[in-house]
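Heads up, the thing below is written out as structure tokens.
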Amino acid sequence: MDDIFVYIIAMDPLVKEHVVANPDGTFSVFINDCLSPERRMKAYNHAISHIKNGDFDKNADVDTIEREAHRVFV
């Protein structure tokens with residue numbers, strides 16, 4: 001798997017995590033610092049699943065990708 005850099009930062013409380021595919025092939029995962037340790041781990045695992053599933057290479061809109069991801073994890 002590509003290099004993944006994880007940052008725990010202050011974010012809008014409605015956002016759990018955000019993943020960025022960097023131009024150099026690495027990924028940055030930003031996790032909301034207001035989450036509990038358990039929620040942070042869930043957010044991290046969710047972000048990693050998008051990377052493992054190749055979601056950044058799919059030709060689909062974000063809503064479709066999220067529906068697919070949540071169908072797997074719900």
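What's counted below: heavy atoms across the whole structure, side chains too, no hydrogens, waters or symmetry copies.
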Tell me every residue that passes side-chain hydrogen bond (donor to acceptor under 3.5 Å, both in side chains) with D24, counting only those two or more places apart in sequence or in another chain.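 T26.
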
Which atoms form the tightest heavy-atom contact between C34 and P13, and what is the distance?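 In this case the closest contact between C34 and P13 is SG-CA, 4.3 Å.
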
Donor-acceptor pair, side chain of N32 and main chain of E17, under 3.5 angstrom: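 Not confirmed, N32 side chain does not pair with E17 backbone.
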
Approximate separation, where rounding is to 0.5 Å, of N45 CG and K52 NZ: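 The NZ atom of K52 is 8.0 Å from CG of N45, to the nearest 0.5 Å.
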
Measure the spacing between CD1 of I4 and CG of N22 and express it to the nearest 0.5 Å.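 Rounded to the nearest 0.5 Å, the CD1-CG separation comes out at 11.0 Å.
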
Identify each donor-acceptor pair in which a side-chain atom of residues 37-44 lies under 3.5 Å from a protein atom, sequence neighbours left out, and give them as a table.
unit_1 : atom_1 : unit_2 : atom_2 : d
E38    : OE1    : S36    : OG     : 3.4
R40    : NE     : L35    : O      : 3.0
R40    : NH2    : D33    : O      : 2.6

Side chains of S28 and V19, heavy atoms from C-beta outward: is any pair under 4.5 Å?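 SC-SC contact between S28 and V19 ruled out.
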
Can you sort out the partners of I9 under side-chain contact (heavy atoms from CB on, under 4.5 Å), two or more places apart, ordered by chain and number?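 Partners of I9 under the side-chain contact (heavy atoms from CB on, under 4.5 Å) test: Y7, M11, F30.
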
